[in-house]
Amino acid sequence: MAALRRGRLITLEGGEGTGKSTQTRLLAERLHGLGHEVVTTREPGGSPFAEQVRAFIIAASTAPHAPMAEALLFLAARADHLAQRIRPALERGAFVICDRFTDSTLVYQGLAGGVPPATLEALDRLVVGDDHPDLTLVLDLDPVEGLARALTRSGGKQLDDRYESREIDYHRRLREGFLTIARSEPARCVVVDASESEPRVASAIWSAVSERLAGAWV
């Protein structure tokens, strides 16, 4: 009997309001329509323990804490997420589509938070090991528009997420961080213009998936 083909890990990255959740759903529907098993998930979160960590991290009431402490919380959530959900799905040959993954830690806690890249890379080797994304889709959008979308999504209420509510320069640094990663790893990353309509963004994503992961169809 032939060995089961390992699944593929696709991650969506980008700033606030770029439409990652919507595009995760649309891509999953298209892959599922072709007969593939698809697991959609998110970070922080994705497993019961990781969701508890997520609730603590993003709550506006959470006490201020050092970027290194925050990075360790994310890595703890990721370790459980990988063990409980991502690795089992990949081992049985499923596609896993994750809304945020390692690149968000590098950008939010590294570039914007000040944790040294070498420290995050060492933690990444320890927690993630060889389970890096096969393809990362970076949804790129002017942060002014992204935050406006996030405000619309909240029904016009003031943003209280501890990341969304930060100053615009912070979000500009995040955008440049994701683009820097994409430029440095072109074999893994594809930048997608998220200012386009949802169907156009979905089409661009599908083109990237079809081109980069053609071997996954057989």
Side-chain angles (χ1 to χ4, degrees), residues 1-47 78 81-82 85-107 124 128-143 145-146 149-150 153 174-218:
M1 181 180 295
L4 183 67
R5 177 182 292 273
R6 183 184 185 274
R8 296 293 189 271
L9 175 58
I10 302 171
T11 58
L12 279 76
E13 298 281 6
E16 309 300 329
T18 54
K20 296 182 304 302
S21 298
T22 296
Q23 294 302 328
T24 293
R25 175 179 56 79
L26 294 175
L27 177 56
E29 289 174 355
R30 188 148 190 181
L31 287 167
H32 184 73
L34 291 175
H36 298 287
E37 180 189 357
V38 184
V39 173
T40 59
T41 189
R42 67 178 183 176
E43 287 210 348
S47 68
R78 182 166 300 137
H81 186 202
L82 280 160
R85 193 161 192 198
I86 294 178
R87 288 188 179 120
L90 293 175
E91 288 168 3
R92 65 177 182 262
F95 278 90
V96 177
I97 308 174
C98 191
D99 180 347
R100 296 198 183 282
F101 196 58
T102 53
D103 294 314
S104 282
T105 304
L106 290 172
V107 170
D124 186 70
V128 179
D130 295 329
D131 294 306
H132 291 286
D134 297 286
L135 172 64
T136 296
L137 302 156
V138 178
L139 273 60
D140 181 50
L141 183 67
D142 186 314
E145 183 176 348
R149 289 183 180 183
R153 183 185 63 205
L174 297 179
R175 181 190 190 186
E176 184 54 36
F178 285 115
L179 292 175
T180 297
I181 290 174
R183 287 191 292 265
S184 68
E185 297 189 53
R188 173 176 67 89
C189 300
V190 175
V191 177
V192 177
D193 183 359
S195 69
E196 297 282 359
S197 65
E198 284 183 6
R200 285 183 176 272
V201 174
S203 178
I205 286 175
W206 184 248
S207 293
V209 171
S210 299
E211 177 185 347
R212 300 298 185 94
L213 300 182
W217 314 130
V218 296

Is any side-chain heavy atom of [X] closer than 4.5 Å to a side-chain heavy atom of [Y]?
{"X": "His132", "Y": "Phe101", "value": "no"}
{"X": "Leu135", "Y": "Arg8", "value": "no"}
{"X": "Ile10", "Y": "Leu213", "value": "yes"}
{"X": "Arg30", "Y": "Ile205", "value": "no"}
{"X": "Val138", "Y": "Arg183", "value": "no"}
{"X": "Thr22", "Y": "Val201", "value": "no"}
{"X": "Leu27", "Y": "Val209", "value": "yes"}
{"X": "Asp140", "Y": "Phe178", "value": "no"}

For the student: nearest non-hydrogen atoms of [X] and [Y], plus distance:
{"X": "Ala94", "Y": "Val39", "result": "CB-CG2, 4.5 Å"}
{"X": "Arg149", "Y": "Ser195", "result": "NH2-CA, 3.8 Å"}
{"X": "Gly17", "Y": "Leu141", "result": "O-CD2, 3.6 Å"}
{"X": "Val192", "Y": "Ala204", "result": "CG1-CB, 4.0 Å"}
{"X": "His81", "Y": "Thr41", "result": "NE2-OG1, 2.8 Å"}
{"X": "Val96", "Y": "Ala89", "result": "CG2-CB, 3.6 Å"}

Can you measure from [atom1] ([X]) to [atom2] ([Y]) and round to the nearest 0.5 angstrom?
{"X": "Leu9", "Y": "Asp134", "atom1": "CG", "atom2": "CG", "answer": "6.0 Å"}
{"X": "Leu137", "Y": "Thr18", "atom1": "CG", "atom2": "OG1", "answer": "11.0 Å"}
{"X": "Arg25", "Y": "Asp99", "atom1": "CZ", "atom2": "CG", "answer": "12.5 Å"}
{"X": "Ile97", "Y": "Leu31", "atom1": "CD1", "atom2": "CG", "answer": "5.0 Å"}
{"X": "Arg78", "Y": "Arg100", "atom1": "CZ", "atom2": "CZ", "answer": "11.0 Å"}
{"X": "Leu82", "Y": "Leu90", "atom1": "CG", "atom2": "CG", "answer": "8.5 Å"}

Option passing side-chain contact (heavy atoms from CB on, under 4.5 Å) with Thr11 (candidates Ser104, Pro133, Cys189): Pro133
Check against salt bridge (charged side-chain N to carboxylate O under 4.0 Å, His left out), Arg6 and Asp131: CA-CA 11 Å; Arg6 183 184 185 274; Asp131 294 306; 2.9 Å; yes
Under 3.5 Å, is there a donor-acceptor pair between the side chain of [X] and the main chain of [Y]?
{"X": "Ser184", "Y": "Ile181", "result": "yes"}
{"X": "Ser207", "Y": "Ser203", "result": "yes"}
{"X": "Lys20", "Y": "Gly15", "result": "yes"}

With Gln23 via side chain to side chain donor-acceptor pair (under 3.5 Å) - residues at least two apart: none
